[in-house]
Amino acid sequence: MNGKHITKLGFTGADIGLALAAATLRERAGAERDEILKELARVQRSPESYTGGLYANLAESLMAAQAEELLHDDDMLRPEPLDYRVWGRELIEPGALAQMNTAMRLPISRAGALMPDAHVGYGLPIGGVLATEGAVIPYGVGVDIGCSMRLSVYAAPAASLDARGAVGLLQKHTRFGAGVGWDRRERLHHDVLDDPAWHSQPLLRHLFDKAVNQLGTSGSGNHFAEFGTFTLPAAQGGLEPGSYLALLTHSGSRGFGAQVAGHFTRLAESLHPHLDASAKKLAWLGLDTQEGHDYWQAMTLAGEYALANHEQIHGRVAKALGEAPALSVSNSHNLAWKQEVGGRELIVHRKGATPAASGVLGLIPGSMADPAYLVRGRGQPDSLESASHGAGRQMGRKAAEKAIAKADWKAYLAERNVTLLGGGIDEAPQAYKRVEEVIAAQTDLVEVLGSFQPQVVRMDSGSEDI
DNA sequence: ATGTCC
């Protein structure tokens with residue numbers, strides 16, 4: 001028996017000497033080498049079973065090293081989630097609560113909240129708000145970085161644009177579909193394309209052309225552009241009470257943001273190989289690392305790019321109408337912000353949650369045929385100054401295709417006199433929670449200022465009618 | 001959400 005046999009078992013440092021000393025004692029007692037090596041392997045596997053006897057010194061050294069490792073294992077989940085508040089718990093599926101619980105066990109988590117539109121997503125649930133310290137979670141922001149809403153209210157009666165006119169404007173000035181961009185000669189410039197950040201990372205340089213191509217487009221899934229009637233009960237932002245023509249859009253950072261999200265999620269996962277499997281998609285990047293800095297820069301750019309998409313859509317329509325909007329409101333609902341929470345600067349992730357600091361305006365849409373609401377934040381600290389970002393799905397896309405009858409979907413639209421361009425049954429109003437209930441569950445988070453009833457809605461047609 | 005693996 002010599003040091004080679006010991007190191008071959010994987011012992012290191014002082015443990016080699018301790019193992020060798022114990023092995024010598026066993027040899028003197030007449031034990032065979034193979035037997036001793038098997039015993040050493042067992043001590044190594046479960047040192048807690050050998051705290052008495054001649055392997056005690058080795059066992060205690062191994063256990064001390066284990067404890068040290070745990071102490072420095074930054075990826076260990078807390079045994080129990082931190083406390084957090086849930087709004088509209090009765091509206092939320094168990095899977096979304098389970099995902100939020102996992103997020104609240106991350107060592108970097110400090111506070112969180114769940115909004116009443118919550119449902120299961122990748123990593124953090126949609127409708128999840130999570131405050132972390134010194135780190136950002138790519139999937140805490142989500143795939144569609146900077147996904148956002150914008151409303152333009154025109155000082156004109158809703159009836160001043162008929163359905164036919166609205167259809168024409170949407171078809172001419174919006175573009176939908178995965179991979180879709182504007183033709184070269186139709187593209188418009190925007191200051192976001194002059195941001196030096198595009199040239200600061202290989203990934204951003206690579207995605208620049210795609211971003212130029214897709215600027216001012218709407219994408220697919222639940223994204224939409226719709227004309228409707230905005231009703232304001234009390235004066236707001238220089239607008240008198242009344243009913244007005246309005247344009248509401250839901251769009252994000254398109255392929256650019258999706259690829260940023262994918263790239264940094266894979267990077268974060270690779271940097272946390274020992275993270276518990278349940279939290280794999282919640283892998284984070286330290287903000288004091290190059291990777292964390294790069295993500296923050298790319299995420300910020302994607303957030304600005306998404307808002308630029310809305311600006312171009314609304315700009316094209318305003319130009320066609322020959323009229324500037326009397327009221328404009330926009331908000332991002334998939335992003336991370338540096339925010340002071342309880343006297344500390346934390347990273348607040350809102351993944352499908354509307355910023356609702358005191359006095360801040362936001363938009364909460366219902367569905368293709370249900371009202372959207374203009375809201376004003378109440379700055380509730382327990383929600384980390386957040387509210388829901390919509391009604392939230394009550395069934396997945398595939399479940400919706402099975403459960404909802406096409407006739408019921410069409411009847412719902414007809415009853416509300418909604419004209420739909422594109423759109424699939426997976427986005428039918430019946431696939432969503434009742435937005436009125438979701439709004440009622442968060443009266444302490446936001447005040448409703450006005451409502452918007454969609455009338456002519458454009459969405460991606462998906463694979464259905466290509 | 002995204003031409004669903006840069």
Side-chain angles (χ1 to χ4, degrees), chain A residues 96 99 117-128 137-149 174-183 198 201-225 249-270 280-281 283 291 294-295 298-299 301-303 305-310 313 332-336 349-353 365 367-368 389-393 396-398 400 422-424 426-427 431-432 458-464 466:
Chain A
Q99 286 189 316
D117 58 338
H119 57 96
V120 170
Y122 288 119
L124 195 65
I126 316 297
I137 305 171
Y139 264 172
V141 170
V143 175
D144 191 5
I145 302 171
C147 188
S148 39
M149 300 295 307
T174 68
R175 288 292 178 271
F176 282 80
V180 166
W182 282 99
D183 289 343
W198 290 107
Q201 294 181 40
L203 177 71
L204 299 181
R205 278 195 290 277
H206 172 73
L207 294 171
F208 183 70
D209 287 348
K210 180 194 280 285
V212 169
N213 185 282
Q214 298 188 332
L215 188 58
T217 63
S218 298
S220 61
N222 59 5
H223 290 174
F224 60 75
T249 52
H250 181 208
S251 183
S253 52
R254 309 287 285 100
F256 159 49
Q259 296 212 18
V260 167
H263 172 84
F264 284 99
T265 290
R266 282 188 292 275
L267 189 56
E269 283 185 28
S270 75
K280 187 173 149 72
K281 296 240 173 288
E291 294 86 355
D294 287 350
Y295 176 74
M299 178 202 78
L301 186 59
Y305 177 83
L307 293 177
N309 276 339
H310 289 277
I313 297 166
S332 306
H333 53 225
N334 283 11
L335 213 59
H349 304 71
R350 292 188 182 85
K351 186 188 190 182
S367 81
M368 57 170 69
H389 83 310
R393 285 194 160 274
R397 295 184 181 279
K398 282 181 184 159
D426 55 335
E427 285 295 330
Y432 284 86
R458 185 173 185 191
M459 301 184 81
D460 180 31
S461 51
S463 54
E464 201 169 53
I466 284 176

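These numbers were taken from a predicted model, which means no experiment stands behind them. Within every chain, numbering begins at 1; the chains are lettered A, B, ... in the order of the sequence lines, protein sequences first and strands thereafter.
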Rounded to whole Å, please give me the gap between [atom1] in [X] and [atom2] in [N].
X: A:Glu269; N: B:dC5; atom1: CD; atom2: C1'; result: 13 Å
X: A:Phe264; N: B:dC6; atom1: CZ; atom2: P; result: 13 Å
X: A:Asp426; N: B:dT2; atom1: CG; atom2: C1'; result: 15 Å
X: A:Asp209; N: B:dC6; atom1: CG; atom2: P; result: 16 Å
X: A:Asp144; N: B:dT4; atom1: CG; atom2: P; result: 16 Å

Inset, instruction - Remember a base hit wins even if backbone is also touched, and classify A:Lys351 as base, sugar-phosphate or nothing at under 4.0 Å, heavy atoms. - result: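 Nothing: the residue A:Lys351, judged by heavy atoms under 4.0 Å, touches no strand.
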Which part of the nucleic acid, if any, lies within reach of A:Gly252 when heavy atoms closer than 4.0 Å are counted: base, sugar-phosphate only, or nothing?
nothing
Would you mind telling me which of [options] lies closest to the side-chain atoms of [X]?
X: A:His206; options: B:dT2, B:dG3, B:dC6; answer: B:dC6
X: A:Gln259; options: B:dC6, B:dT2, B:dG3; answer: B:dC6
X: A:His223; options: B:dC6, B:dT2, B:dG3; answer: B:dT2

Using a cut-off of strictly less than 4.0 Å, decide whether [X] has a side-chain nitrogen or oxygen near OP1 or OP2 of [N].
X: A:Lys210; N: B:dG3; value: yes
X: A:Arg254; N: B:dT2; value: yes
X: A:Gln214; N: B:dT2; value: no

Does A:Arg458 count as lying over the ring of A:Phe224, i.e. NZ or CZ under 6.0 Å from the six-ring centre, within 45 degrees of the axis?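 No, cation not above the ring by the 6.0 Å, 45° rule.
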Interatomic distance, NE2@A:His349 vs CD1@A:Ile137, rounded to 0.5 Å, equals 4.5 Å
The answer to which of A:Leu207 and A:Ser218 contacts DNA chain B further toward the 5' end, by nearest nucleotide, is A:Ser218
**Prompt:** If we ignore angles and hydrogens, is there a donor and acceptor under 3.5 Å between the side chains of A:Arg175 and A:Ser218?
**Reply:** no
Could you check whether A:His333 and A:Ser148, counting side-chain N and O atoms only, form a donor-acceptor pair closer than 3.5 Å?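 Per modelled atom types, A:Ser148 and A:His333 side chains form no pair under 3.5 Å.
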Output yes when a side-chain donor or acceptor of A:Glu291 lies under 3.5 Å from a complementary backbone atom of A:Leu267, and no otherwise.
no
